[in-house]
Amino acid sequence: MTEAVMRHGADAVILGRKLDRLTQTAEELSRLTGRTCLAAQADVRNPKQLQDAVAKTVEKFGGIDFVICGAAGNFLAPISGLSENGFKTVIEIDTLGTYNTIKATLPQVRASKGAYIHVSATLHYKGTPYQVHVSAAKAAVDATSNVLAVEEGPHGVRSNVIAPGPIAGTEGVDRLSPKGGDNALGDMPAGRYGDVKDIANTTVFLFSGAASFISGQVIAVDGASEHLRTTQLPYPDSVLDPASMKSLIKARM
Ligand code: COA
């Protein structure tokens, strides 16, 4: 997403917990796009670290036009096998992380009459087994974006959500697909998984003047797969006998 926006002329700051990986990626993005990308170490659960990253951005670039709230945590676990802390951790990363990012950046985005994109999901449109933590967290992200769009619209700020379907080669697909599955395309009406470019192109569109009257929307970028989606783990076996799913679920990292 950041690379695509940079290719259209933006400079950028990318945030994350692991500074070595971030720095390497920032250098790569600068080289690929001919623009400047900086790395700022921050955990979205920590408001102070986000405020410091904003200060660093403003010092370098003078302001902030666009913000992508993309931090997420996910793994497969049923309610019966998920601790209170496991649930809380994902809410803290996805929901509080989004809120903290908005709080830290809003004065700048308001000043530039800029825009937000929040990266959500489609799985909470149905009751998806093993995904209670993320379903609750992403439903809250969608709701937060809608309120942001309405409250900040009069200040010239837009806010939208991109809800990606399965995107090939991403950590999300890797973590959530059953191990050893054949990745059949039977429930993909487009006949393929999504490509990261599909999300990148939607990002460019939503941040561009072409989307100047689009705000408070959730845009599913999933090739219509949500209309056909079924549970990936066998149902009801996965809930009747969670232990039997062990061989299908990626081991903890
Ligand atoms: N199944 C069940 N519970 C799990 C789990 C799993 N696979 N992985 C972690 N948890 C639980 C832990 O047991 C812990 O709860 P406990 O204290 O009751 O044992 C809680 O979640 C926090 O785990 P911890 O590893 O301390 O959190 P973290 O902040 O270091 O990591 C995660 C956050 C768990 C979301 C981790 O998976 C992560 O960093 N993910 C980031 C990338 C990502 O998920 N990308 C996918 C996007 S779709």
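Both counts, for ligands and for their atoms, begin at 1 and track the order of listing.
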Yes or no, since that's all I need: does a protein heavy atom fall within a distance strictly under 4.0 Å of [atom]?
atom                    : result
atom 25 (O) of ligand 1 : no
atom 21 (O) of ligand 1 : yes
atom 4 (C) of ligand 1  : yes

Answer with yes or no whether the side chains of Asp142 and Ser120 bring together a donor and an acceptor at under 3.5 Å.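 There is such a pair between these side chains.
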
For a quick check under 3.5 Å, do Glu171 and Asn74 share a side-chain donor-acceptor pair by atom type?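 There is no such pair (donor and acceptor under 3.5 Å, judged by atom type) between the side chains of Glu171 and Asn74.
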
What is the nearest protein non-hydrogen atom to [atom], stated with its residue, atom name and distance?
atom                    : value
atom 9 (C) of ligand 1  : Phe75 CE2, 3.8 Å
atom 35 (C) of ligand 1 : Gly73 CA, 3.6 Å
atom 44 (O) of ligand 1 : Asn74 N, 2.8 Å

Under 4.0 angstrom from ligand 1, any heavy atom of Glu92?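 For ligand 1, residue contact (heavy atoms, under 4.0 Å) with Glu92 is absent.
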
Would you mind running through ligand 1 and noting each atom that sits below 4.0 Å from a heavy atom of [X]?
X      : answer
Ile93  : 33 (C), 35 (C)
Ser83  : 15 (O), 16 (P), 18 (O)
Ala72  : 41 (C), 42 (C), 43 (C), 44 (O), 45 (N)
Arg45  : 29 (O)
Gly172 : 48 (S)

Tell me if the [atom1] atom of [X] is crowded by more than 12 foreign heavy atoms within 6.0 Å.
X      : atom1 : result
Ile79  : CD1   : no
Tyr99  : OH    : no
His155 : NE2   : yes
Lys126 : NZ    : yes

Main-chain N/O of [Y] paired to [X] side chain as donor or acceptor, under 3.5 Å:
X      : Y      : result
Arg158 : Leu206 : yes
Asp94  : Gly73  : yes
Ser225 : Asp187 : no

Between [options], which one has a non-hydrogen atom sitting closest to [atom]?
atom                    : options                      : answer
atom 11 (C) of ligand 1 : Ala121, Pro164, Gly86        : Gly86
atom 14 (C) of ligand 1 : Asn85, Asp94, Ile249         : Asn85
atom 39 (O) of ligand 1 : Arg17, Glu84, Arg252, His133 : Arg17

Side chain, backbone, both or neither: which part of Thr89 comes within less than 4.0 Å of ligand 1 when only heavy atoms are counted?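 Only the side chain of Thr89 comes within reach of ligand 1.
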
Select one of side chain, backbone, both or neither to describe which atoms of Arg175 lie under 4.0 Å from any atom of ligand 1, heavy atoms only.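 It is the side chain that touches ligand 1; the backbone stays farther off.
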
Taking C-beta and beyond as the side chain, do Thr203 and Ile162 meet within less than 4.5 Å on heavy atoms?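 They are in side-chain contact.
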
Can you tell me how far apart CG (Asn100) and OG1 (Thr105) are? Round to the nearest 0.5 Å.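 Going from CG on Asn100 over to OG1 on Thr105, the span is 10.5 Å.
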
